[in-house]
Amino acid sequence: MEQENSTGVSYFLLLGFSEKPELQPLIFVLFLSMYLITVLGNLLIILAVSSDAHLHTPMYFFLSNLSFVDICFTSTTVPKMLVNIQTHSKAITYKGCMSQLYFSIFFSGLDDFLLTVMAYDRYVAICHPLHYPVIMNPQLCGLLVLVCGSISVLNSTLLSLMVLRLPFCTNLEVPNFFCELKEMVQLACSRTFTVNLVLYFVSLFLAGGPLAGIFYSYFKIVSSIQGISSAQGKNKAFSTCTSHLSVVSLFYGSAIGVYLSSAGTHSSQSSAIASVMYTVVTPMLNPFIYSLRNKDIKGALKAFF
């Protein structure tokens, strides 16, 4: 196989989910619906939080930021796939693919860090309620979001530059519906041991670290809740964490499923379906998880309309 420099590659082919033409309209309608629900649902969360003064608290500040990131995350991948289906094309330019790679890494990392910050916010609210207004002041909340964004920029820049340096061969078919990091590394026609090693340590540090922080926060939260004497107090304290726990489980469960599926099988269809879970389904479900059992959000939405 003839090897060529990555700078000589002009496009990649996104294989997507199915080669059957009769299924393309169904896939288009399905993903267009999920995308519109994601954008509308998360936009409503942002509008509810910004329009209601009672929701100008750290918890809802972080939630509105999470909703904004979810909109951007989904917009990085789904619109290009919808355009390709409509134009009966699978091509994506090299620059477009690298841009998609960069922003998908950035927004997924930012999602991860914001979920960790939200766990810390719940920890302070439940374990140190008297000091909560002082600790979680607006300056600290803004600084935490800024730090999350800065780390995400460094992470996505590092990993994207590593992929940019890889040479690609004549096989330019990406077995997914977007330029996913692991798939792009596997397409390279040079030895990728060093790249995979860096990916392993970065994933361990930037995914395992926040997850460990979330576990620790909830360990302290559960210990604190057990010290509450009344059952009503326990239920009220834990009810503020159930939505966040659901989103964390959905995000990490789907992301881990992607890497387990890609390691255990070489089927492009199964890998693409697994990727849909954390890039499309999770951002779509987040507004429902946070609003269905949240009286404050529902009240703010009713007042808004």
Side-chain angles (χ1 to χ4, degrees), residues 11-18 23-43 66-112 114-115 152-153 155-157 159-160 163-164 172-187 199 203 207 247 250-259 261-262 267-287:
Y11 68 94
F12 291 93
L13 295 176
L14 301 174
L15 297 184
F17 300 96
S18 175
L23 290 179
Q24 298 309 308
L26 176 62
I27 294 173
F28 179 85
V29 171
L30 177 63
F31 275 84
L32 178 61
S33 302
M34 289 195 293
Y35 179 65
L36 292 177
I37 292 172
T38 300
V39 173
L40 179 62
N42 284 287
L43 190 60
L66 182 69
S67 295
F68 175 74
V69 171
D70 282 340
I71 292 174
C72 296
F73 190 19
T74 307
S75 299
T76 302
T77 58
V78 176
K80 177 59 180 174
M81 184 192 70
L82 296 176
V83 170
N84 280 5
I85 293 176
Q86 280 294 89
T87 58
H88 305 287
S89 170
K90 296 180 181 180
I92 181 172
T93 63
Y94 178 82
K95 291 181 180 179
C97 187
M98 293 300 111
S99 299
Q100 209 176 55
L101 176 74
Y102 177 88
F103 286 109
S104 63
I105 297 172
F106 171 74
F107 288 120
S108 62
L110 192 50
D111 239 339
D112 185 18
L114 284 175
L115 289 173
S152 299
V153 167
N155 175 47
S156 56
T157 302
L159 298 179
S160 298
V163 175
L164 281 169
L172 303 177
E173 295 181 342
V174 181
N176 212 318
F177 70 99
F178 73 105
C179 296
E180 200 264 340
L181 176 62
K182 199 174 182 73
E183 308 283 2
M184 298 305 297
V185 173
Q186 291 174 351
L187 278 183
L199 286 178
S203 300
V247 173
L250 191 61
F251 179 81
Y252 274 98
S254 57
I256 292 171
V258 169
Y259 285 90
S261 68
S262 60
S267 170
S268 61
Q269 188 174 11
S270 62
S271 179
I273 291 173
S275 297
V276 170
M277 291 302 297
Y278 83 98
T279 58
V280 182
V281 176
T282 300
M284 180 184 69
L285 293 180
N286 284 356

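What you see below is based on every heavy atom in this structure, not just the backbone, and it leaves out hydrogens, waters and symmetry mates. Not measured: the values here are computed from a predicted model. If you read the sequence from its start, that first residue is 1, and numbering goes on from there.
Note: Leu43 CG to Leu36 CG = 12.0 Å, rounded to the nearest 0.5 Å. One finds the CG atom of Leu32 at 9.5 Å from the CD1 atom of Ile85 (value rounded to the nearest 0.5 Å). Here Glu180 contributes atom CD and Cys97 contributes atom SG; the two are 10.5 Å apart, rounded to the nearest 0.5 Å. We find the OG1-CE distance between Thr74 and Met34 to be 9.5 Å, quoted to the nearest 0.5 Å. One distance of note links CG of Leu110 with CG of Leu115; it measures 9.5 Å at 0.5 Å rounding. With values rounded to the nearest 0.5 angstrom, Tyr102 atom OH is found 11.5 Å from Leu164 atom CG.
When all heavy atoms of Thr282 and Tyr278 are compared, the closest pair comes out as OG1-CA, 3.8 Å. For Ala91 against Ser89, the heavy-atom pair with the smallest separation is N-OG, 3.2 Å. Here the closest heavy-atom approach between residue Asp70 and residue Pro283 is recorded as CB-CB, 3.7 Å. The two residues Thr157 and Val153 have their closest heavy-atom pair at OG1-O, 2.6 Å. Closest approach of Val280 and Phe177 over heavy atoms only: CG2-CZ, 4.3 Å. When all heavy atoms are compared, the tightest approach of Val163 to Leu181 is CG2-CD1, 3.7 Å.
A heavy-atom distance below 4.5 Å is found between the side chains of Met98 and Met184. By the 4.5 Å heavy-atom criterion applied to side chains, Cys179 and Leu14 are counted as neighbours. Using a 4.5 Å cut-off on side-chain heavy atoms (C-beta onward), Tyr35 and Val39 make contact. Between Phe251 and Leu285 the shortest side-chain heavy-atom distance does not fall below 4.5 Å. Contact check for Thr76 versus Phe178: no side-chain heavy atoms found under the 4.5 Å cut-off. Inter-residue side-chain proximity for Ser108 and Phe73 is flagged as met; some heavy-atom pair is nearer than 4.5 Å. Put simply, the side chain of Asn155 reaches to within 4.5 Å of the side chain of Ile105, judged on heavy atoms. Within the 4.5 Å cutoff, side-chain heavy atoms of Asp112 are placed close to those of Tyr252.
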Handout entry: Worked check of side chain to side chain contact (heavy atoms under 4.5 Å, CB included) between Tyr11 and Tyr94
Key = CA-CA 5 Å; Tyr11 68 94; Tyr94 178 82; over 6 Å; no

Exercise for the section: Determine, stepwise, if the pair Gln24 / Ile27 fulfils side chain to side chain contact (heavy atoms under 4.5 Å, CB included). Expected result: CA-CA 5 Å; Gln24 298 309 308; Ile27 294 173; 4.3 Å; yes

Exercise for the section: Test side chain to side chain contact (heavy atoms under 4.5 Å, CB included) on Leu187 and Leu172 and set out the steps. Expected result: CA-CA 7 Å; Leu187 278 183; Leu172 303 177; 5.8 Å; no

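Other residues, nucleotides and ligands contribute more than 12 heavy atoms inside 6.0 Å of the CZ atom of Phe28.
Ring geometry for Phe103 against Phe107 counts as parallel: the plane angle stays under 30°, on a 0 to 90° scale with 60° as the upper cut.
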